[in-house]
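First up is the structure itself, then whatever we jot down about it.
Hydrogens, waters and symmetry mates are skipped; everything else that's a heavy atom, side chains included, is used. Throughout, a chain's letter reflects where its sequence line sits, starting with A, and its residues are numbered from 1.
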Protein chains: 2
Amino acid sequence: MSVTIYDVAKAAGVSIATVSQVVNNTGNMRDSTRQRVLKVIEELEYHPNVMATALTGKETKTIGLIVPDISNPFFSNMAKSIEDYAHEKEMSVIICSTKYDRDKEHKYIKLLKQKRVDGFIIASTFKDQSLFEKLIKKKKPLVLLSIDDPSIEVSKVSIDDFQGGFLATNHLIEKGHRNIAIVAEEAYSSRKRIYGYREAHEQANITLKEKNILHTTATIENGKRIFRKLIGRGEAERPTAIFASNDLLAIGIIHEATQHQIHIPEDISVVGFDNTILASTSVPGLTSVAQPMEDMGRKSVEVLINQIENDDASNERFLYNPELIIRETTMEKK
Amino acid sequence: MSVTIYDVAKAAGVSIATVSQVVNNTGNMRDSTRQRVLKVIEELEYHPNVMATALTGKETKTIGLIVPDISNPFFSNMAKSIEDYAHEKEMSVIICSTKYDRDKEHKYIKLLKQKRVDGFIIASTFKDQSLFEKLIKKKKPLVLLSIDDPSIEVSKVSIDDFQGGFLATNHLIEKGHRNIAIVAEEAYSSRKRIYGYREAHEQANITLKEKNILHTTATIENGKRIFRKLIGRGEAERPTAIFASNDLLAIGIIHEATQHQIHIPEDISVVGFDNTILASTSVPGLTSVAQPMEDMGRKSVEVLINQIENDDASNERFLYNPELIIRETTMEKK
DNA sequence: ATGAAAGCGCTAACAT
DNA sequence: ATGTTAGCGCTTTCAT
């Protein structure tokens, strides 16, 4: 059906080995030969069959990207820049959303292995971290994106979550808040953000209440749910500010507040995280900690490719700086 | 390295042909043999090498998805449901974002062909429609998602855009608006939405002004730009309502309005399209025409698989009903 | 009912 | 400098 290496060889009057060498830019040969073959390749629009190439043990030029949920703007943004840069490098990307489900994690790793992806980028949340070890043991190129876990020796690209947590909390403290709740999603990054939250309290000499630290999964619905729980505490106990560990949760909180005639930021200040499109499109605009998603996505591909090409160099770490974007959901405590 | 069909054959004491037959559930053989082989496959955790399988002409179990921009919530939602359903069917999906760029369209089609995807799902916008014809001629399974163009004979999954355009416009007309602008993105679907917009005017016996029909690409920035252009007309000429052909544009419009101290909906009513997360998270909540993204994504995979499996059945058409979700950006004309 | 062998398109070691 | 050939892991036809 499609044109094969044999067609090219025949048309150019050489053997398939020579064609192969031309394609891979290896071996010695007369320059005239190379040119002739190149011309035929052009004319016949020959493209090596990826399957056949892969079968001989070479790369598939495919990256496996595993995220919890591609419909979360944070991940779709990351995915965009990953895909973009991968394509620049002549690679394609297969996307898998785990939906925070352990079984899916297993399934997708297995699937991607079968598809012989050249490497993996795993983002944000992974319940079964033992899978990382397995991948590493098998020398599979792997980059963790937004999972800056020191216990895993592998390449990582993240922001400084501690710093981010500190920035957000400190901003609220500076605004006079003393009763600040943190709503943390179930992700490694959030643990660091909580430490940052603690540190900000310590530096300001504020004793934080452990019950102000809440955990959930990153959805708008959960933001709403948590908010109801929070105001269920009654006026006195109710926090005057909430730091949500991502924008989805923050948006849920804002919306539920509106439902309860609680005004943001007059009654309660809110800070989000990620600075996704949601932060800039919500009204009031959501104060949020920005991550350089573009750069991070790009870098993760770069690091991965580096790993694929050099068997060593498998433990680079890149930490980006978070930036607090102040909008309208935070104000002085009254 | 990994366990091959030979390993299984040896362990089960049969030939590789038999193993192959067991895997593919073909051929006749003693049930005991089948069971024995199956057991070995289980034990050895054998998985056929996709590359080798594909090389013999069988399917790759991969779908190529081409969208304009995966970071647009509308597409990331579609992608999510497509990916979801594809995985249910043991297929994976390679995503490509064209960024509305003609060259990228060519590049990605070529890329996906090389990767031997079993079929294509192309969504929303494609500048060079001649590529469709080429695909069709080569009998490549193809489904157009949100491109309900009658001039192309191929399977399609869309909503009724005419109906959607009518619904949105009619809603505004019923609210007393007579000077309604439509901001249409460059996509086939928008053309139909414009017809719906026209029809609503006709039925209400309103003569529309052609200059109220504006075109642009779907970004928030363009929404802002168009809005500035619109209010540049001066009070008298300025439309009292704007129908944006997607939420991104609508959000841009709302934001720019705020900048100019123009109140939505008191001064100008706005209707969006797609009913993405942006419509529900913006304040005021954006009135928007909903598409059943979940169902549409799912259906497109279903149709594609049907096409892959049966060489015929390549011209199904599914039209979903749009639904107007009324929120807070539309009100009676003052 | 089961196996032997050719072939899918390519790479790489070995010949010439 | 270029060609021959043995795999890579699988499917499928043809024998047995």
Side-chain angles (χ1 to χ4, degrees), chain A residues 1-41 44-62 90 110-111 113-118 308-309, chain B residues 1-41 44-62 90 110 113-118 309:
Chain A
M1 38 172 265
S2 58
V3 17
T4 75
I5 199 170
Y6 289 95
D7 302 323
V8 176
K10 188 179 292 175
V14 297
S15 76
I16 60 163
T18 304
V19 178
S20 177
Q21 282 171 178
V22 170
V23 170
N24 296 296
N25 236 306
T26 58
N28 308 344
M29 74 192 56
R30 214 170 301 149
D31 198 54
S32 62
T33 310
R34 182 173 301 261
Q35 294 311 322
R36 186 155 36 95
V37 173
L38 243 21
K39 196 160 148 262
V40 174
I41 287 178
L44 266 48
E45 294 188 49
Y46 165 71
H47 296 285
N49 180 320
V50 188
M51 304 299 153
T53 310
L55 197 53
T56 70
K58 294 192 72 174
E59 295 151 7
T60 56
K61 295 287 179 190
T62 311
E90 307 295 327
K110 184 184 271 185
L111 177 81
K113 270 190 192 165
Q114 274 184 252
K115 289 270 158 94
R116 295 289 192 277
V117 296
D118 297 333
I308 292 170
E309 290 174 352
Chain B
M1 39 172 264
S2 57
V3 17
T4 75
I5 199 170
Y6 290 94
D7 302 324
V8 176
K10 188 179 293 176
V14 296
S15 76
I16 60 164
T18 304
V19 177
S20 177
Q21 282 171 178
V22 170
V23 170
N24 296 296
N25 235 306
T26 57
N28 307 346
M29 75 191 56
R30 215 168 300 149
D31 198 56
S32 61
T33 310
R34 181 172 302 261
Q35 293 312 322
R36 185 155 37 95
V37 173
L38 244 22
K39 195 160 149 262
V40 173
I41 288 179
L44 267 48
E45 294 188 49
Y46 166 71
H47 296 284
N49 180 320
V50 188
M51 303 299 153
T53 310
L55 196 54
T56 69
K58 294 191 72 173
E59 295 152 7
T60 57
K61 296 287 178 189
T62 310
E90 307 296 327
K110 183 184 272 186
K113 270 190 192 165
Q114 276 185 251
K115 289 269 159 95
R116 296 288 193 277
V117 296
D118 296 333
E309 291 175 351

A:Thr4 and A:Val8: side-chain contact (heavy atoms from CB on, under 4.5 Å), yes or no, with the steps?
CA-CA 7 Å; A:Thr4 75; A:Val8 176; over 6 Å; no
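- Remark: C1' of C:dC10 and NZ of A:Lys58 are 9 Å apart, rounded to the nearest angstrom.
- Atom C1' of nucleotide C:dA13 and atom CG of A:Asn24 are separated by 15 Å, given to the nearest angstrom.
- Regarding B:Glu59, its CD atom lies at a distance of 16 Å from the C1' atom of C:dC8, rounded to whole Å.
- Straight-line distance from the CD atom of B:Gln35 to the C1' atom of C:dA1: 15 Å, rounded to whole Å.
- Across all their heavy atoms, B:Ala12 and B:Arg36 have their closest contact at O-NH1, 2.5 Å.
- Per the geometry, CG belonging to A:Leu55 stands 9 Å off C1' belonging to C:dG9, to the nearest Å.
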Criterion side-chain contact (heavy atoms from CB on, under 4.5 Å) on B:Asn25 and B:Arg34, from CA distance to verdict:
CA-CA 9 Å; B:Asn25 235 306; B:Arg34 181 172 302 261; 3.4 Å; yes
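- Nearest heavy-atom pair, B:Met29 versus B:Gln21, reported as atom, atom and distance to 0.1 Å: CE-NE2, 3.4 Å.
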Which atoms of nucleotides 1-5 of chain D (N or O only) lie under 3.5 Å from a protein N or O atom, and what are those distances?
residue	atom	partner	partner atom	Å
D:dT2	OP1	A:Thr33	OG1	2.7
D:dT2	OP2	A:Arg30	N	2.8
D:dT2	OP2	A:Thr33	OG1	3.0
D:dG3	OP2	A:Ser15	N	2.7
D:dG3	OP2	A:Ser15	OG	3.3
D:dG3	OP2	A:Thr18	OG1	2.9

Between side-chain atoms of residues 45-54 of chain A and protein atoms elsewhere (two or more places apart, or another chain), which donor-acceptor pairs fall under 3.5 Å?
residue	atom	partner	partner atom	Å
A:Asn49	OD1	A:Met51	N	2.7
A:Asn49	OD1	A:Ala52	N	3.1
A:Thr53	OG1	A:Asn49	O	2.9

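- Nearest-nucleotide assignment on DNA chain C puts the 5′-proximal partner with B:Ala52, out of B:Ala52 and A:Thr56.
- A straight line from NZ of B:Lys10 to C1' of D:dC10 spans 17 Å, rounded to a whole angstrom.
- Without hydrogens or angle criteria, A:Lys61 side chain to B:Lys115 main chain gives no donor-acceptor distance under 3.5 Å.
- A donor-acceptor pair is defined here as one N or O able to donate and one able to accept, closer than 3.5 Å; no such pair exists between the side chain of A:Lys10 and the backbone of A:Ser15.
- For the pair B:Ser20 (side chain) and B:Thr18 (backbone), a donor-acceptor distance under 3.5 Å is absent.
- With A:Asp118 contributing its side chain and A:Glu59 its backbone, the two residues share no donor-acceptor pair below 3.5 Å.
- Comparing the start and finish of the helix from C:dA1-D:dT16 to C:dT16-D:dA1, five pairs each, the helix axis swings through 50°, to the nearest 10 degrees.
- If you measure from atom CZ of B:Arg116 to atom C1' of C:dC10, you get 12 Å, rounded to the nearest angstrom.
- In this entry the distance linking CD1 of B:Ile5 with C1' of C:dT2 reads 14 Å, nearest Å.
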